[in-house]
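Down below is the structure, laid out as C-alpha coordinates.
We name chains A, B, ... by the order of the sequence lines, and we start the count at 1 in each one.
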2 protein chains.
Amino acid sequence: MISGWEGIREEVLRRIRVRDWPPGVTIPTEEELAVEFGVARATVNRALRELAGAGVLERRRKAGTRVALLPVRKATLDIPVIRQEVEARGQAHGFTLLTRTEGAPPVPVASRLGLGPSARAIYLETLHLADGRPFVFETRWLNPAVLPAPLPDFAVVSANEWLVAHVAYETGDIAFTAEGAGTREAAVLGVAEGAALFVTERTTWTAEAAITLVRLAHAPGYRLQTMI
Amino acid sequence: MISGWEGIREEVLRRIRVRDWPPGVTIPTEEELAVEFGVARATVNRALRELAGAGVLERRRKAGTRVALLPVRKATLDIPVIRQEVEARGQAHGFTLLTRTEGAPPVPVASRLGLGPSARAIYLETLHLADGRPFVFETRWLNPAVLPAPLPDFAVVSANEWLVAHVAYETGDIAFTAEGAGTREAAVLGVAEGAALFVTERTTWTAEAAITLVRLAHAPGYRLQTMI
DNA sequence: TCGGATATTATGTGCAGACATATTAGCGCC
DNA sequence: GGCGCTAATATGTCTGCACATAATATCCGA
(Lines give C-alpha, C1' and ligand atoms only; values in the text may rest on other atoms or scores of the structure.)
Protein backbone atom coordinates (compact mmCIF):
# COMPACT_ATOMS: atom_id res chain seq x y z
CA MET A 1 0.00 0.00 0.00
CA ILE A 2 1.22 3.48 -0.82
CA SER A 3 1.49 5.84 2.07
CA GLY A 4 3.68 8.60 3.30
CA TRP A 5 5.52 11.02 1.10
CA GLU A 6 8.28 8.51 0.46
CA GLY A 7 5.75 5.99 -0.73
CA ILE A 8 4.30 8.52 -3.10
CA ARG A 9 7.75 9.46 -4.35
CA GLU A 10 8.46 5.81 -5.13
CA GLU A 11 5.11 5.33 -6.84
CA VAL A 12 5.60 8.39 -9.02
CA LEU A 13 9.09 7.19 -9.87
CA ARG A 14 7.69 3.77 -10.72
CA ARG A 15 5.14 5.25 -13.10
CA ILE A 16 7.88 7.20 -14.80
CA ARG A 17 10.06 4.10 -15.05
CA VAL A 18 7.36 1.96 -16.58
CA ARG A 19 6.44 4.82 -18.91
CA ASP A 20 2.94 5.35 -17.65
CA TRP A 21 4.26 8.87 -17.64
CA PRO A 22 6.87 9.05 -20.37
CA PRO A 23 9.41 11.89 -20.60
CA GLY A 24 7.86 15.20 -21.50
CA VAL A 25 4.30 14.60 -20.41
CA THR A 26 2.53 16.64 -17.78
CA ILE A 27 1.53 14.53 -14.82
CA PRO A 28 -1.67 15.11 -12.81
CA THR A 29 -1.82 18.08 -10.49
CA GLU A 30 -0.98 17.84 -6.82
CA GLU A 31 -4.67 18.10 -6.07
CA GLU A 32 -5.56 15.14 -8.27
CA LEU A 33 -2.73 13.00 -6.95
CA ALA A 34 -3.71 13.88 -3.40
CA VAL A 35 -7.22 12.61 -4.07
CA GLU A 36 -5.95 9.49 -5.83
CA PHE A 37 -3.56 8.54 -3.04
CA GLY A 38 -5.91 9.69 -0.32
CA VAL A 39 -3.43 12.08 1.28
CA ALA A 40 -3.15 15.81 1.79
CA ARG A 41 -1.77 17.98 -0.97
CA ALA A 42 1.18 18.91 1.23
CA THR A 43 2.24 15.27 1.23
CA VAL A 44 2.15 15.05 -2.56
CA ASN A 45 3.98 18.35 -2.70
CA ARG A 46 6.78 17.01 -0.56
CA ALA A 47 7.22 13.98 -2.79
CA LEU A 48 7.14 15.93 -6.05
CA ARG A 49 9.45 18.60 -4.68
CA GLU A 50 12.06 15.97 -3.87
CA LEU A 51 11.83 14.49 -7.34
CA ALA A 52 12.14 17.93 -8.89
CA GLY A 53 15.22 18.53 -6.78
CA ALA A 54 16.67 15.28 -8.10
CA GLY A 55 16.11 16.45 -11.67
CA VAL A 56 13.46 13.85 -12.50
CA LEU A 57 10.58 16.31 -12.68
CA GLU A 58 10.30 19.89 -13.82
CA ARG A 59 7.77 22.07 -12.10
CA ARG A 60 6.41 25.48 -13.01
CA ARG A 61 3.57 27.34 -11.46
CA LYS A 62 0.41 27.17 -13.43
CA ALA A 63 2.13 25.12 -16.14
CA GLY A 64 2.16 22.03 -13.94
CA THR A 65 4.63 19.23 -13.39
CA ARG A 66 6.34 17.49 -16.30
CA VAL A 67 8.62 14.49 -16.50
CA ALA A 68 12.04 15.82 -17.43
CA LEU A 69 12.85 15.22 -21.09
CA LEU A 70 16.60 15.04 -20.74
CA PRO A 71 16.99 14.66 -17.04
CA VAL A 72 20.06 16.36 -15.69
CA ARG A 73 21.15 13.82 -13.19
CA LYS A 74 22.34 15.32 -9.97
CA ALA A 75 25.08 13.62 -8.08
CA THR A 76 25.91 14.69 -4.56
CA LEU A 77 29.53 14.64 -3.59
CA ASP A 78 30.70 14.58 -0.03
CA ILE A 79 33.69 16.83 0.50
CA PRO A 80 35.12 15.63 3.79
CA VAL A 81 38.13 16.87 5.64
CA ILE A 82 41.18 15.06 4.30
CA ARG A 83 41.85 13.29 7.57
CA GLN A 84 38.36 11.80 7.50
CA GLU A 85 38.82 10.79 3.90
CA VAL A 86 42.02 8.92 4.67
CA GLU A 87 40.61 7.32 7.80
CA ALA A 88 37.50 6.24 5.91
CA ARG A 89 39.84 4.20 3.72
CA GLY A 90 41.14 2.49 6.82
CA GLN A 91 44.50 4.19 6.64
CA ALA A 92 46.41 6.35 9.09
CA HIS A 93 46.49 10.03 8.31
CA GLY A 94 49.53 12.22 8.74
CA PHE A 95 50.80 15.43 7.21
CA THR A 96 53.88 17.56 6.92
CA LEU A 97 54.00 21.29 6.49
CA LEU A 98 56.57 21.81 3.76
CA THR A 99 56.42 25.57 3.29
CA ARG A 100 55.00 28.56 5.06
CA THR A 101 55.55 32.02 3.66
CA GLU A 102 53.81 35.35 3.66
CA GLY A 103 53.75 37.95 0.98
CA ALA A 104 51.90 39.38 -1.95
CA PRO A 105 50.35 36.55 -3.92
CA PRO A 106 50.76 36.30 -7.68
CA VAL A 107 48.19 38.23 -9.66
CA PRO A 108 45.95 35.30 -10.68
CA VAL A 109 45.71 34.19 -7.06
CA ALA A 110 45.07 37.71 -5.81
CA SER A 111 42.33 38.23 -8.33
CA ARG A 112 40.62 34.96 -7.54
CA LEU A 113 40.81 35.85 -3.86
CA GLY A 114 39.53 39.32 -4.57
CA LEU A 115 42.55 40.93 -2.94
CA GLY A 116 44.19 44.22 -3.86
CA PRO A 117 47.58 44.20 -5.57
CA SER A 118 49.53 44.95 -2.40
CA ALA A 119 47.56 42.76 -0.01
CA ARG A 120 49.51 40.12 1.84
CA ALA A 121 48.54 36.47 2.06
CA ILE A 122 49.82 33.36 3.76
CA TYR A 123 51.03 30.52 1.57
CA LEU A 124 51.18 26.96 2.81
CA GLU A 125 52.36 23.75 1.22
CA THR A 126 51.26 20.62 3.00
CA LEU A 127 51.76 17.00 2.11
CA HIS A 128 49.09 14.68 3.44
CA LEU A 129 50.04 11.07 4.01
CA ALA A 130 47.98 7.88 4.09
CA ASP A 131 49.80 5.11 5.92
CA GLY A 132 52.95 7.15 5.45
CA ARG A 133 52.64 7.33 1.68
CA PRO A 134 51.94 10.59 -0.16
CA PHE A 135 48.22 11.05 -0.59
CA VAL A 136 47.56 14.69 -1.40
CA PHE A 137 49.80 17.63 -2.05
CA GLU A 138 47.97 20.70 -0.78
CA THR A 139 48.93 24.23 -1.79
CA ARG A 140 46.93 26.91 -0.10
CA TRP A 141 46.66 30.68 -0.01
CA LEU A 142 45.03 32.18 3.06
CA ASN A 143 43.61 35.66 3.44
CA PRO A 144 44.83 36.68 6.94
CA ALA A 145 42.45 39.61 7.06
CA VAL A 146 39.45 37.37 7.67
CA LEU A 147 41.08 34.80 9.95
CA PRO A 148 40.42 34.89 13.67
CA ALA A 149 43.52 35.46 15.81
CA PRO A 150 45.54 33.75 17.04
CA LEU A 151 46.60 31.67 14.11
CA PRO A 152 47.69 28.18 15.06
CA ASP A 153 50.94 26.52 14.15
CA PHE A 154 49.96 24.95 10.85
CA ALA A 155 52.73 22.41 11.26
CA VAL A 156 50.75 20.94 14.14
CA VAL A 157 47.16 21.57 13.08
CA SER A 158 46.23 20.99 9.46
CA ALA A 159 44.94 24.18 7.89
CA ASN A 160 42.21 22.12 6.32
CA GLU A 161 40.87 21.07 9.66
CA TRP A 162 41.51 24.28 11.55
CA LEU A 163 39.52 26.23 9.02
CA VAL A 164 36.36 24.15 9.16
CA ALA A 165 36.43 24.30 12.93
CA HIS A 166 37.38 27.94 13.44
CA VAL A 167 36.17 29.94 10.49
CA ALA A 168 32.61 30.82 9.67
CA TYR A 169 30.70 28.54 7.40
CA GLU A 170 31.21 29.73 3.95
CA THR A 171 30.21 29.44 0.34
CA GLY A 172 32.57 28.76 -2.48
CA ASP A 173 33.17 26.87 -5.63
CA ILE A 174 35.01 23.72 -6.40
CA ALA A 175 36.46 22.39 -9.62
CA PHE A 176 38.02 19.10 -10.63
CA THR A 177 40.57 18.67 -13.37
CA ALA A 178 43.23 16.29 -14.53
CA GLU A 179 46.71 17.73 -14.87
CA GLY A 180 50.15 16.43 -15.52
CA ALA A 181 52.43 16.57 -12.51
CA GLY A 182 54.78 19.55 -12.51
CA THR A 183 58.37 19.27 -11.33
CA ARG A 184 57.60 20.15 -7.75
CA GLU A 185 54.47 18.01 -7.54
CA ALA A 186 56.28 15.07 -9.03
CA ALA A 187 59.06 15.39 -6.49
CA VAL A 188 56.78 15.79 -3.51
CA LEU A 189 54.35 13.03 -4.45
CA GLY A 190 57.10 10.73 -5.63
CA VAL A 191 55.76 10.23 -9.14
CA ALA A 192 57.14 10.81 -12.61
CA GLU A 193 56.91 14.27 -14.04
CA GLY A 194 53.85 14.56 -16.25
CA ALA A 195 52.00 11.76 -14.45
CA ALA A 196 48.23 12.28 -14.52
CA LEU A 197 47.07 13.82 -11.26
CA PHE A 198 43.52 14.39 -10.10
CA VAL A 199 43.35 18.01 -9.00
CA THR A 200 40.74 19.71 -6.85
CA GLU A 201 40.64 23.49 -6.70
CA ARG A 202 38.47 25.23 -4.18
CA THR A 203 37.82 28.87 -3.37
CA THR A 204 35.89 29.61 -0.22
CA TRP A 205 34.32 32.84 0.89
CA THR A 206 32.65 34.35 3.89
CA ALA A 207 29.74 36.60 3.09
CA GLU A 208 32.15 39.45 2.35
CA ALA A 209 35.67 38.30 1.60
CA ALA A 210 37.65 35.33 0.34
CA ILE A 211 39.09 33.03 2.96
CA THR A 212 41.27 30.64 1.09
CA LEU A 213 42.18 29.21 -2.26
CA VAL A 214 43.37 25.67 -2.13
CA ARG A 215 44.65 23.24 -4.70
CA LEU A 216 44.78 19.55 -3.90
CA ALA A 217 46.88 17.37 -6.19
CA HIS A 218 45.98 13.77 -5.46
CA ALA A 219 48.43 10.92 -5.83
CA PRO A 220 47.76 8.64 -8.81
CA GLY A 221 45.01 6.13 -8.25
CA TYR A 222 42.72 8.58 -6.54
CA ARG A 223 39.05 8.05 -7.30
CA LEU A 224 36.26 10.45 -6.49
CA GLN A 225 33.17 8.31 -6.30
CA THR A 226 29.50 8.69 -5.57
CA MET A 227 26.09 7.18 -6.19
CA ILE A 228 23.54 8.80 -8.44
CA MET B 1 12.73 41.24 9.06
CA ILE B 2 13.00 37.48 9.14
CA SER B 3 10.19 35.62 7.52
CA GLY B 4 9.61 32.52 5.51
CA TRP B 5 11.60 29.35 5.80
CA GLU B 6 14.38 30.75 3.67
CA GLY B 7 14.69 33.73 5.96
CA ILE B 8 14.93 31.43 8.93
CA ARG B 9 17.51 29.29 7.18
CA GLU B 10 19.64 32.38 6.55
CA GLU B 11 19.27 33.61 10.11
CA VAL B 12 20.26 30.24 11.55
CA LEU B 13 23.22 30.16 9.18
CA ARG B 14 24.18 33.66 10.26
CA ARG B 15 24.15 32.69 13.93
CA ILE B 16 26.36 29.75 13.15
CA ARG B 17 28.70 31.94 11.13
CA VAL B 18 29.09 34.55 13.84
CA ARG B 19 29.50 31.78 16.41
CA ASP B 20 26.45 32.55 18.44
CA TRP B 21 26.06 28.85 17.94
CA PRO B 22 29.56 27.45 17.60
CA PRO B 23 30.25 23.96 16.22
CA GLY B 24 29.08 21.21 18.51
CA VAL B 25 26.45 23.05 20.50
CA THR B 26 22.80 22.12 20.58
CA ILE B 27 20.61 24.86 19.22
CA PRO B 28 17.11 25.66 20.56
CA THR B 29 14.30 23.28 19.73
CA GLU B 30 11.99 23.82 16.79
CA GLU B 31 9.29 24.84 19.22
CA GLU B 32 11.44 27.56 20.77
CA LEU B 33 12.64 28.87 17.44
CA ALA B 34 9.08 28.93 16.14
CA VAL B 35 8.07 31.10 19.08
CA GLU B 36 11.09 33.34 18.68
CA PHE B 37 10.56 33.92 14.96
CA GLY B 38 6.81 34.01 15.29
CA VAL B 39 6.18 31.24 12.78
CA ALA B 40 4.76 27.74 12.85
CA ARG B 41 6.98 24.86 13.82
CA ALA B 42 6.64 23.36 10.35
CA THR B 43 8.35 26.43 8.94
CA VAL B 44 11.30 26.09 11.30
CA ASN B 45 11.38 22.40 10.50
CA ARG B 46 11.67 23.11 6.80
CA ALA B 47 14.60 25.47 7.35
CA LEU B 48 16.47 23.16 9.71
CA ARG B 49 15.84 20.14 7.52
CA GLU B 50 17.47 21.93 4.58
CA LEU B 51 20.49 22.83 6.65
CA ALA B 52 20.80 19.28 7.90
CA GLY B 53 20.67 18.08 4.30
CA ALA B 54 23.50 20.46 3.49
CA GLY B 55 25.57 18.99 6.28
CA VAL B 56 25.59 22.11 8.43
CA LEU B 57 23.39 20.69 11.17
CA GLU B 58 23.01 17.24 12.66
CA ARG B 59 19.59 16.27 13.91
CA ARG B 60 18.50 13.36 16.06
CA ARG B 61 15.13 12.74 17.60
CA LYS B 62 14.95 13.59 21.21
CA ALA B 63 18.63 14.55 21.27
CA GLY B 64 17.97 17.77 19.39
CA THR B 65 19.77 19.70 16.69
CA ARG B 66 23.51 20.34 16.86
CA VAL B 67 25.85 22.41 14.75
CA ALA B 68 28.03 19.95 12.85
CA LEU B 69 31.53 19.68 14.30
CA LEU B 70 33.38 18.76 11.12
CA PRO B 71 30.83 19.53 8.49
CA VAL B 72 30.99 17.23 5.50
CA ARG B 73 30.40 19.71 2.77
CA LYS B 74 28.08 18.49 0.11
CA ALA B 75 28.53 19.59 -3.45
CA THR B 76 25.91 18.85 -6.03
CA LEU B 77 27.12 18.01 -9.50
CA ASP B 78 24.97 18.25 -12.56
CA ILE B 79 25.51 15.35 -14.92
CA PRO B 80 24.03 16.55 -18.18
CA VAL B 81 23.84 14.81 -21.50
CA ILE B 82 27.04 15.53 -23.41
CA ARG B 83 25.26 17.48 -26.12
CA GLN B 84 23.83 19.84 -23.51
CA GLU B 85 27.21 20.19 -21.90
CA VAL B 86 28.82 21.21 -25.17
CA GLU B 87 26.00 23.55 -26.11
CA ALA B 88 26.09 25.17 -22.69
CA ARG B 89 29.66 26.18 -23.55
CA GLY B 90 28.34 27.87 -26.65
CA GLN B 91 29.86 25.32 -28.98
CA ALA B 92 28.37 23.08 -31.63
CA HIS B 93 28.04 19.42 -30.72
CA GLY B 94 28.78 16.59 -33.08
CA PHE B 95 29.81 12.98 -32.73
CA THR B 96 31.17 10.06 -34.72
CA LEU B 97 30.58 6.42 -34.03
CA LEU B 98 34.01 4.86 -34.39
CA THR B 99 33.30 1.26 -33.46
CA ARG B 100 30.32 -0.97 -32.93
CA THR B 101 30.83 -4.61 -32.06
CA GLU B 102 29.00 -7.32 -30.20
CA GLY B 103 30.39 -10.11 -28.18
CA ALA B 104 31.34 -11.38 -24.78
CA PRO B 105 32.82 -8.53 -22.78
CA PRO B 106 36.10 -8.90 -20.92
CA VAL B 107 35.76 -10.31 -17.45
CA PRO B 108 36.13 -7.05 -15.50
CA VAL B 109 33.42 -5.45 -17.60
CA ALA B 110 31.13 -8.46 -17.32
CA SER B 111 31.51 -8.54 -13.58
CA ARG B 112 30.79 -4.84 -13.16
CA LEU B 113 27.74 -5.27 -15.34
CA GLY B 114 26.69 -8.33 -13.41
CA LEU B 115 26.64 -10.49 -16.55
CA GLY B 116 27.39 -14.16 -16.83
CA PRO B 117 30.62 -15.28 -18.52
CA SER B 118 28.96 -16.10 -21.83
CA ALA B 119 26.55 -13.17 -21.99
CA ARG B 120 26.83 -10.93 -25.01
CA ALA B 121 27.10 -7.19 -24.91
CA ILE B 122 27.26 -4.32 -27.37
CA TYR B 123 30.42 -2.25 -27.43
CA LEU B 124 30.46 1.29 -28.82
CA GLU B 125 33.23 3.80 -29.26
CA THR B 126 32.03 7.33 -29.88
CA LEU B 127 33.98 10.53 -30.27
CA HIS B 128 32.10 13.64 -29.26
CA LEU B 129 33.12 16.91 -30.87
CA ALA B 130 32.78 20.50 -29.72
CA ASP B 131 33.05 22.91 -32.65
CA GLY B 132 34.61 20.07 -34.57
CA ARG B 133 37.40 19.45 -32.08
CA PRO B 134 37.59 16.29 -29.98
CA PHE B 135 35.79 16.79 -26.69
CA VAL B 136 35.10 13.41 -25.18
CA PHE B 137 36.05 9.89 -26.16
CA GLU B 138 33.23 7.63 -25.03
CA THR B 139 33.61 3.88 -24.68
CA ARG B 140 30.46 2.09 -23.70
CA TRP B 141 29.24 -1.42 -23.02
CA LEU B 142 25.52 -2.00 -23.32
CA ASN B 143 23.51 -4.88 -21.92
CA PRO B 144 21.13 -5.70 -24.80
CA ALA B 145 18.95 -7.86 -22.55
CA VAL B 146 17.43 -4.82 -20.87
CA LEU B 147 17.20 -2.50 -23.86
CA PRO B 148 13.86 -1.91 -25.55
CA ALA B 149 13.69 -2.99 -29.18
CA PRO B 150 14.26 -1.75 -31.75
CA LEU B 151 17.74 -0.47 -31.15
CA PRO B 152 18.50 2.69 -33.06
CA ASP B 153 21.42 3.30 -35.36
CA PHE B 154 23.94 4.60 -32.87
CA ALA B 155 25.80 6.34 -35.68
CA VAL B 156 22.81 8.66 -36.01
CA VAL B 157 21.53 8.88 -32.46
CA SER B 158 24.06 9.21 -29.66
CA ALA B 159 23.75 6.29 -27.24
CA ASN B 160 24.09 8.78 -24.43
CA GLU B 161 20.97 10.60 -25.48
CA TRP B 162 18.95 7.63 -26.67
CA LEU B 163 19.36 5.96 -23.30
CA VAL B 164 18.09 8.83 -21.17
CA ALA B 165 15.11 9.19 -23.46
CA HIS B 166 14.22 5.52 -23.95
CA VAL B 167 15.34 3.56 -20.96
CA ALA B 168 13.83 3.65 -17.52
CA TYR B 169 15.24 6.05 -15.01
CA GLU B 170 17.92 4.28 -13.21
CA THR B 171 20.33 4.31 -10.33
CA GLY B 172 24.02 3.91 -10.63
CA ASP B 173 27.37 5.07 -9.51
CA ILE B 174 29.82 7.48 -10.97
CA ALA B 175 33.53 7.91 -10.42
CA PHE B 176 36.06 10.48 -11.52
CA THR B 177 39.74 9.84 -11.99
CA ALA B 178 42.74 11.23 -13.76
CA GLU B 179 44.52 8.90 -16.12
CA GLY B 180 47.27 9.12 -18.65
CA ALA B 181 46.10 8.78 -22.24
CA GLY B 182 46.58 5.31 -23.68
CA THR B 183 47.66 4.79 -27.27
CA ARG B 184 44.16 4.62 -28.65
CA GLU B 185 42.87 7.53 -26.58
CA ALA B 186 45.82 9.66 -27.56
CA ALA B 187 45.22 8.97 -31.22
CA VAL B 188 41.49 9.59 -31.10
CA LEU B 189 41.66 12.74 -29.01
CA GLY B 190 44.71 14.05 -30.80
CA VAL B 191 46.89 14.40 -27.74
CA ALA B 192 50.25 13.02 -26.71
CA GLU B 193 50.36 9.57 -25.21
CA GLY B 194 50.37 9.84 -21.43
CA ALA B 195 48.66 13.23 -21.40
CA ALA B 196 46.54 13.73 -18.29
CA LEU B 197 42.89 13.03 -19.07
CA PHE B 198 39.89 13.59 -16.87
CA VAL B 199 37.96 10.34 -16.86
CA THR B 200 34.38 9.70 -15.81
CA GLU B 201 33.20 6.14 -15.29
CA ARG B 202 29.56 5.41 -14.82
CA THR B 203 27.58 2.24 -14.26
CA THR B 204 23.82 2.49 -14.48
CA TRP B 205 21.23 0.00 -13.43
CA THR B 206 17.53 -0.58 -13.67
CA ALA B 207 15.95 -2.05 -10.59
CA GLU B 208 17.11 -5.51 -11.64
CA ALA B 209 19.96 -5.47 -14.13
CA ALA B 210 22.82 -3.35 -15.38
CA ILE B 211 22.12 -1.21 -18.42
CA THR B 212 25.44 0.22 -19.39
CA LEU B 213 28.97 0.88 -18.33
CA VAL B 214 30.47 3.95 -19.87
CA ARG B 215 33.86 5.56 -19.69
CA LEU B 216 34.28 9.16 -20.80
CA ALA B 217 37.82 10.37 -21.42
CA HIS B 218 37.72 14.15 -21.65
CA ALA B 219 40.09 16.16 -23.77
CA PRO B 220 42.72 18.11 -21.81
CA GLY B 221 41.45 21.33 -20.29
CA TYR B 222 38.17 19.83 -19.14
CA ARG B 223 36.94 21.21 -15.83
CA LEU B 224 34.14 19.78 -13.75
CA GLN B 225 32.90 22.69 -11.71
CA THR B 226 30.21 23.41 -9.15
CA MET B 227 29.27 25.69 -6.29
CA ILE B 228 29.26 24.48 -2.71
C1' DT C 1 24.60 -0.82 42.09
C1' DC C 2 22.78 -2.62 38.22
C1' DG C 3 19.29 -3.79 34.71
C1' DG C 4 15.23 -3.11 32.61
C1' DA C 5 10.64 -1.16 32.14
C1' DT C 6 8.53 3.35 31.61
C1' DA C 7 7.99 8.25 30.95
C1' DT C 8 9.57 12.15 28.60
C1' DT C 9 11.00 14.77 24.80
C1' DA C 10 12.54 16.53 20.19
C1' DT C 11 12.15 15.58 15.70
C1' DG C 12 9.44 13.32 11.67
C1' DT C 13 5.42 13.21 9.30
C1' DG C 14 0.68 14.06 8.36
C1' DC C 15 -3.83 16.82 7.60
C1' DA C 16 -6.96 20.56 6.21
C1' DG C 17 -7.27 24.97 5.05
C1' DA C 18 -5.59 29.42 3.49
C1' DC C 19 -3.26 32.89 0.92
C1' DA C 20 0.75 34.18 -2.29
C1' DT C 21 2.83 34.07 -6.72
C1' DA C 22 4.07 32.98 -11.21
C1' DT C 23 2.41 31.90 -15.56
C1' DT C 24 -0.70 30.89 -18.97
C1' DA C 25 -4.99 31.27 -21.62
C1' DG C 26 -8.46 33.91 -23.12
C1' DC C 27 -10.79 38.04 -24.06
C1' DG C 28 -11.51 42.54 -25.85
C1' DC C 29 -9.83 46.27 -28.33
C1' DC C 30 -7.43 48.46 -31.91
C1' DG D 1 -3.98 39.73 -36.84
C1' DG D 2 -1.60 41.60 -32.91
C1' DC D 3 -1.33 43.72 -28.34
C1' DG D 4 -2.35 44.26 -23.65
C1' DC D 5 -5.28 43.47 -19.74
C1' DT D 6 -7.66 40.12 -16.88
C1' DA D 7 -9.03 35.88 -15.05
C1' DA D 8 -7.93 31.26 -14.14
C1' DT D 9 -4.87 27.86 -12.37
C1' DA D 10 -0.98 25.00 -10.47
C1' DT D 11 2.55 25.31 -7.57
C1' DG D 12 4.83 27.59 -3.33
C1' DT D 13 4.46 28.54 1.24
C1' DC D 14 2.39 29.04 5.75
C1' DT D 15 -0.50 27.97 9.92
C1' DG D 16 -2.15 25.21 13.74
C1' DC D 17 -2.95 21.05 15.09
C1' DA D 18 -2.17 16.03 15.71
C1' DC D 19 0.02 11.73 16.17
C1' DA D 20 4.27 8.70 15.20
C1' DT D 21 8.89 7.53 16.24
C1' DA D 22 13.27 7.34 18.14
C1' DA D 23 16.26 8.21 21.70
C1' DT D 24 17.20 9.62 26.14
C1' DA D 25 16.20 10.14 31.15
C1' DT D 26 14.16 8.39 35.09
C1' DC D 27 12.46 5.37 38.29
C1' DC D 28 11.93 1.02 40.53
C1' DG D 29 12.94 -3.45 42.02
C1' DA D 30 16.18 -7.07 42.79
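Across the protein-nucleic acid pair, A:E6 atom CD and D:dT21 atom P stand 13 Å apart, rounded to whole Å. In this structure, CZ of A:R61 is placed 12 Å from P of C:dA20, rounded to the nearest angstrom. The CD-P distance, from B:E58 to C:dT11, rounds to 14 Å in whole Å. To the nearest angstrom, C1' of C:dA16 lies 11 Å from CD of A:E31. One interatomic measurement links the two molecules: CZ of B:F37 to P of D:dT13, which rounds to 18 Å at whole-angstrom precision. Whole-Å rounding puts the A:E30 CD to C:dA16 P distance at 15 Å. Look at CD on B:E50: it is 17 Å from P on C:dT11, rounded to the nearest Å. The distance from atom CZ of A:R9 to atom C1' of C:dG12 is 14 Å, rounded to the nearest whole Å.
Using cut-offs of 30° and 60° on the angle between ring planes, the pair B:F176 and A:F176 is parallel. Taking the six-membered ring for Trp and thresholds of 30 and 60 degrees, A:Y222 and A:F198 have ring planes inclined between 30 and 60 degrees apart.
Checking the phosphate oxygens (OP1, OP2) of D:dG12, no side-chain nitrogen or oxygen of A:R49 falls inside 4.0 Å. An OP1 or OP2 oxygen of C:dC15 is reached within less than 4.0 angstrom by a side-chain nitrogen or oxygen of A:T43. Contact between the side-chain N/O atoms of A:N45 and the OP1/OP2 oxygens of D:dT13 is not found at any separation under 4.0 Å. For the pair A:T65 and D:dA10, the criterion of a side-chain N or O lying under 4.0 Å from OP1 or OP2 is not met. Contact annotation: A:R59 reaches the phosphate of D:dG12 (side-chain N/O to OP1 or OP2, under 4.0 Å). Put simply, B:R60 has a side-chain N or O that comes within less than 4.0 Å of OP1 or OP2 on D:dT24.
A:R46 comes within contact range of the sugar-phosphate backbone alone, with a heavy-atom separation under 4.0 Å but no base atom that close.
To the nearest 0.5 angstrom, A:F137 atom CZ is 7.5 Å from A:L127 atom CG.
If you look at B:F135 and B:F95, their ring centroids are not closer than 6.0 Å.
Taking only side-chain atoms of B:A40, from C-beta outward, the nucleotide of D:dA8, D:dT11, D:dG16 with the closest atom is D:dG16.
Considering only heavy atoms from C-beta on, A:R83 comes within 4.5 Å of A:E161 through its side chain.
Applying the 3.5 Å distance criterion, the base of C:dG14 shares no donor-acceptor pair with the side chain of A:R41.
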